[in-house]
**Student:** 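There's a structure below that I have some questions on.
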Amino acid sequence: MAEASNEAIDRFYADVGQRIRDARAESGATQSQVAARAGLTRSSIANIEAGRQRVPLHVLAMVAEVLGVEPQSLFSIEMLLEGSIGMSVLSLRLEGEDPADREFIEGAIMQLNVSMREGSDDQPGN
């Protein structure tokens, strides 16, 4: 069974936290304001931003909405798919699933990665 190292996972969440912090700073909101609007505590926002608290997907979506950004801007697809975490986390999550379902999901995520890369090539400055 493939396993992602705890260090790699910690780096991933630290990166997510930094992206949330940057988006919050750009929006001009305080941790308390984001927390109140997302239904969290200020300390939860501080811990998420510091990478000490693993943020569930529904919380990531709420925080993104509060900050007025797309959820995918708050994490790195490349880090998940190619970086230190790689496909191992995905493989762990899909373990035991029907092989056809697993192949479909892995293919869809890989296609998303390609689409996002192509889209970033269209951005000014790239």
Side-chain angles (χ1 to χ4, degrees):
M1 171 169 48
E3 289 188 34
S5 73
N6 285 337
E7 184 178 311
I9 292 170
D10 289 345
R11 282 194 308 269
F12 173 77
Y13 282 102
D15 181 66
V16 168
Q18 182 63 52
R19 289 168 183 254
I20 290 172
R21 181 182 301 119
D22 292 345
R24 181 181 57 76
E26 189 170 314
S27 76
T30 65
Q31 288 178 340
S32 294
Q33 290 167 330
V34 172
R37 292 186 57 207
L40 301 168
T41 64
R42 189 212 54 81
S43 63
S44 282
I45 296 296
N47 285 328
I48 290 168
E49 288 183 357
R52 292 186 298 262
Q53 184 172 328
R54 294 183 178 182
V55 59
L57 288 176
H58 70 283
V59 172
L60 183 72
M62 288 187 308
V63 170
E65 184 176 335
V66 167
L67 296 173
V69 299
E70 293 295 323
Q72 63 266 30
S73 73
L74 300 178
F75 62 91
S76 169
I77 291 288
E78 289 79 15
M79 184 177 228
L80 280 173
L81 295 179
E82 297 172 352
S84 55
I85 295 177
M87 291 295 282
S88 60
V89 171
L90 179 62
S91 295
L92 287 171
R93 298 282 188 220
L94 295 176
E95 190 172 286
E97 295 296 325
D98 178 85
D101 291 342
R102 185 179 179 138
E103 184 177 324
F104 173 80
I105 293 168
E106 289 173 344
I109 290 174
M110 293 303 290
Q111 184 59 44
L112 175 63
N113 186 37
V114 169
S115 296
M116 289 183 71
R117 283 188 181 174
E118 289 171 354
S120 69
D121 291 341
D122 297 335
Q123 299 297 317
N126 288 336

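Worth knowing before you read on, the calculation uses all heavy atoms, side chains too, and leaves out hydrogens, waters and symmetry mates. Note that the coordinates shown come from a computational prediction; the quantities given were computed from them, not determined experimentally.
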**Student:** For Gln18, check side chain to side chain contact (heavy atoms under 4.5 Å, CB included) against everything at least two apart and list the hits.
**Tutor:**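 Testing Gln18 for side chain to side chain contact (heavy atoms under 4.5 Å, CB included), a comparison that skips the adjacent residues, returns Arg21, Asp22.
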
**Student:** Could you measure the distance from the OH atom of Tyr13 to the CD atom of Gln53? Nearest 0.5 Å is fine.
**Tutor:**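 Spacing of OH (Tyr13) from CD (Gln53) equals 10.5 Å.
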
**Student:** Residues in side chain to side chain donor-acceptor pair (under 3.5 Å) with Thr30, at least two apart?
**Tutor:**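 By the side chain to side chain donor-acceptor pair (under 3.5 Å) rule, Thr30 matches Gln33.
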
**Student:** Can you name the side chain to side chain donor-acceptor pair (under 3.5 Å) partners of Thr41, sequence neighbours left out?
**Tutor:**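 If we apply the side chain to side chain donor-acceptor pair (under 3.5 Å) test to Thr41, skipping adjacent residues, the hits are Ser43, Ser44.
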
**Student:** Is a salt bridge present between Asp15 and Arg19, judged by a nitrogen-to-oxygen distance below 4.0 Å?
**Tutor:**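 A salt bridge is present here (some side-chain N lies under 4.0 Å from a carboxylate O).
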
**Student:** Excluding sequence neighbours, so at least two apart, what forms salt bridge (Lys or Arg N to Asp or Glu O under 4.0 Å) with Arg54?
**Tutor:**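 Checked Arg54 against salt bridge (Lys or Arg N to Asp or Glu O under 4.0 Å); matches are Asp10.
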
**Student:** Could you tell me whether the side chain of Phe75 reaches within less than 4.5 Å of the side chain of Leu60, counting heavy atoms only?
**Tutor:**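 Yes. Closest side-chain heavy atoms under 4.5 Å.
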
**Student:** Closest heavy-atom contact between Ala38 and Val66?
**Tutor:**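 Heavy atoms only, the tightest pair is N-CG2, 4.0 Å.
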
**Student:** Listed by chain and number, what are the side chain to side chain contact (heavy atoms under 4.5 Å, CB included) partners of Val59, not counting sequence neighbours?
**Tutor:**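 Partners of Val59 under the side chain to side chain contact (heavy atoms under 4.5 Å, CB included) test: Leu40, Ile48, Val55, Pro56, Met62, Val63.
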
**Student:** Sequence neighbours left out, what pairs pass salt bridge (Lys or Arg N to Asp or Glu O under 4.0 Å) with at least one residue falling in residues 23-42?
**Tutor:**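 Output for this query lists Arg24-Glu49.
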
